[in-house]
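Read through the structure below, which is laid out as structure tokens, and then see the notes.
Values in this document were obtained by computation on a predicted structure and should not be read as measured data.
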Amino acid sequence: MSDDFPSSKLERGKIFAKTGLKVGTNYAKRYLKKSVGKKETEDESRQFHSENARQVFNEFTKLRGTALKIAQSLSMDEGLLPEEFADVMSEAQYSVPPINKALARSIIKKELGQYPEKLFAEFESDAMAAASIGQVHKARLKNGQPVAVKIQYPNVRNTIHSDMVMAKTLIRRVIKKGANIDEYFDEVENTLMEETDYIQEGKYMNYFSKRFSEGQIVTPKWIEELSSPKVLTMTYLEGRHLKEFLQDDPSQELRNHFGQLLWDFFHDQVEQRNFIHADTHPGNFFFREDGRLGVIDFGCVKKFSEEFTQNYMQLLPTHIKQNEEEIRDLYIRLGIVKKNPDNPKKEEEFFQFCKNYGNTFAQPYMGDEFDFGDPAFKQKINSFAKQPPIMNEPRGDKNFIYSTKVHLGLYSILMKLKAKVDTRRSKEITRDVLRDMQQETLS
């Protein structure tokens with residue numbers, strides 16, 4: 001696999017076409033069976049989507065880059081893709097094979113002017129981690145400082161647009177006919193272009209390092225002189241990922257400690273009304289022996305528009321007030337529900353579903369403390385995610401792709417931790433930010 005990296009548009013186009021043909025054939029066979037009256041059980045439906053997702057995932061893994069990023073981002077938008085696709089695509093954070101060692105060396109030589117053994121005192125040729133856009137190697141500077149070196153896969157940036165066009169064609173086979181996904185794809189493409197600029201990521205890294213350097217959050221520091229748009233060198237951060245942390249059966253006190261740090265990190269970013277670390281999944285956090293929370297990977301950093309942020313911030317207090325008409329008006333402004341739907345009955349069913357989901361999502365903010373280890377809460381959240389009444393149709397402002405990724409990702413990690421968090425300060429932050437934004441709008 002590592003020796004067979006398709007970096008040209010022609011090679012990648014063949015894989016996309018092959019994947020599209022497989023998926024199209026599978027759906028045609030399924031439609032034919034249904035057209036002759038053969039009913040499909042729930043288990044058969046799940047199996048169909050799982051097998052289709054597995055075929056797509058296997059081909060997208062060969063492509064890496066845009067293909068896997070598209071799948072990850074769009075699968076976060078509830079109801080757009082079948083649930084089974086989201087489950088399979090979540091593997092992309094951990095199951096991507098590295099490129100071969102010679103290719104990694106040549107990329108460093110091309111980008112930084114010399115081979116890694118000339119630039120570093122030590123350089124581990126085997127990647128310590130590999131993901132959709134690049135892979136990471138451990139190294140040591142000549143002054144003894146341990147560092148991490150992220151290398152971008154060949155030609156990723158140059159194939160983003162053509163990949164997006166081909167992927168859009170493929171995705172249209174599994175979403176509702178006529179659904180408009182152009183805005184979603186434009187947002188993902190713009191974010192991907194920024195993620196492949198490692199100089200920009202280094203600047204974001206510096207911003208977060210300065211912003212949180214005095215507290216319980218620790219981030220890598222950018223080493224600019226050993227970086228380029230396709231190679232990113234940063235100080236090495238020690239720590240365990242969530243899975244490793246939980247394997248040691250940590251005490252409830254330690255679970256609560258790290259849960260509080262995660263909760264506060266998210267709300268501190270909201271308070272700043274500036275950049276948000278928008279890739280909240282377990283692989284981007286380290287649970288450290290010194291009690292601090294390590295945060296890595298600043299490729300996906302977002303700054304949402306003032307209009308979206310203000311409407312999004314209103315979701316929490318509006319749900320707490322339980323005023324149905326205010327909730328409906330806010331949902332219309334956010335594009336979640338339609339003002340003049342073709343099917344009012346179905347739309348009302350969807351509104352009630354979203355309202356109840358929103359009420360559940362707001363529960364952590366209802367009191368002064370919340371237990372994310374409550375199995376009833378986890379079951380309720382999961383039930384909403386798995387049973388939307390409107391399937392395979394994108395809804396909501398395009399910014400939901402990443403705001404949802406952040407907020408749902410946070411809840412997911414906290415539920416795995418089974419952490420109890422103090423929510424008093426976060427409620428004050430939410431209230432104060434919304435008040436300030438409303439005052440600025442009036443002035």
Side-chain angles (χ1 to χ4, degrees), residues 69-83 85-86 89-90 164 167-168 171 175-176 179-192 194-195 266-267 269-270 273 275-281 300-319 326-339 341 347 350-362 364-365 381-382 384-413 430 433-434 437:
K69 281 290 184 180
I70 291 167
Q72 291 167 18
S73 298
L74 293 180
S75 66
M76 289 299 297
D77 191 48
E78 294 157 30
L80 180 58
L81 296 176
E83 174 196 341
F85 272 78
M89 294 307 169
S90 66
M164 294 294 291
K168 191 188 296 187
I171 295 297
I175 67 170
K176 183 178 178 180
N180 182 16
I181 58 173
D182 291 343
E183 192 176 52
Y184 287 76
F185 268 81
D186 289 344
E187 178 68 14
V188 173
E189 181 171 347
N190 291 336
T191 302
L192 278 170
E194 190 163 272
E195 281 192 63
F266 170 72
H267 290 90
Q269 294 175 83
V270 171
R273 288 171 54 190
F275 297 116
I276 298 285
H277 183 285
D279 203 358
T280 310
H281 74 82
C300 186
V301 171
K302 300 296 291 183
K303 185 173 183 180
F304 301 114
S305 69
E306 287 287 303
E307 181 183 6
F308 173 78
T309 302
Q310 185 166 328
N311 284 330
Y312 190 80
M313 295 297 290
Q314 285 181 358
L315 282 170
L316 176 60
T318 304
H319 274 283
E326 286 187 18
I327 294 173
R328 190 187 301 274
D329 289 342
L330 181 56
Y331 281 6
I332 290 172
R333 291 204 302 275
L334 284 164
I336 298 170
V337 297
K338 297 177 180 178
K339 190 173 184 178
E347 195 70 18
F350 184 60
F351 167 70
Q352 293 299 328
F353 166 85
C354 292
K355 183 192 73 173
N356 292 331
Y357 190 9
N359 290 340
T360 302
F361 208 81
Y365 299 88
I381 284 284
N382 289 343
F384 281 113
K386 292 178 180 179
Q387 297 175 1
I390 294 181
M391 287 295 295
N392 301 355
E393 181 182 355
R395 289 293 187 96
D397 187 288
K398 63 182 181 181
N399 290 290
F400 272 116
I401 294 175
Y402 295 101
S403 62
T404 302
K405 189 177 183 180
V406 175
H407 222 150
L408 273 177
L410 173 66
Y411 278 27
S412 176
I413 296 174
T430 304
V433 168
L434 181 57
M437 295 187 77

What class does the angle between the rings of Tyr331 and His319 fall in, given that below 30° is parallel, 30 to 60° is tilted and above 60° is perpendicular?
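Correct class here is tilted.
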A quick test of your reading: do over 12 heavy atoms of other residues, nucleotides or ligands sit less than 6.0 Å from CD of Glu307?
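No.
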Flag, side chain of Thr191 to backbone of Glu187, donor-acceptor distance under 3.5 Å:
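Yes, the answer is positive, given that a donor and an acceptor are paired below the 3.5 Å cut-off.
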How close do Val406 and His277 get, heavy atom to heavy atom, and via which atoms?
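Heavy-atom minimum between the residues: CG2-O, 3.8 Å.
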Closest approach of Thr280 to Leu410 (non-hydrogen atoms, all atoms of both residues):
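Residues Thr280 and Leu410, closest heavy atoms: CG2-N, 3.5 Å.
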Nearest-0.5 Å distance that lies between atom [atom1] in [X] and atom [atom2] in [Y]:
X: Asn399; Y: Leu334; atom1: CG; atom2: CG; answer: 9.5 Å
X: Asn359; Y: Thr318; atom1: CG; atom2: OG1; answer: 11.0 Å
X: Asp397; Y: Phe400; atom1: CG; atom2: CZ; answer: 6.5 Å
X: Leu434; Y: Gln314; atom1: CG; atom2: CD; answer: 5.5 Å

Counterpart residues, salt bridge (Lys or Arg N to Asp or Glu O under 4.0 Å), relative to Glu194 (two or more places apart)
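Scan of Glu194 (salt bridge (Lys or Arg N to Asp or Glu O under 4.0 Å), adjacent residues dropped) gives none.
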Can you list everything that forms a ring-ring contact (aromatic ring centres under 6.0 Å, His included) with Phe304? Sequence neighbours excluded, please.
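Testing Phe304 for ring-ring contact (aromatic ring centres under 6.0 Å, His included), a comparison that skips the adjacent residues, returns Phe308.
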Would you please name every residue forming a ring-ring contact (aromatic ring centres under 6.0 Å, His included) with Tyr411, sequence neighbours left out?
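Expected list: Phe361, Phe372, His407.
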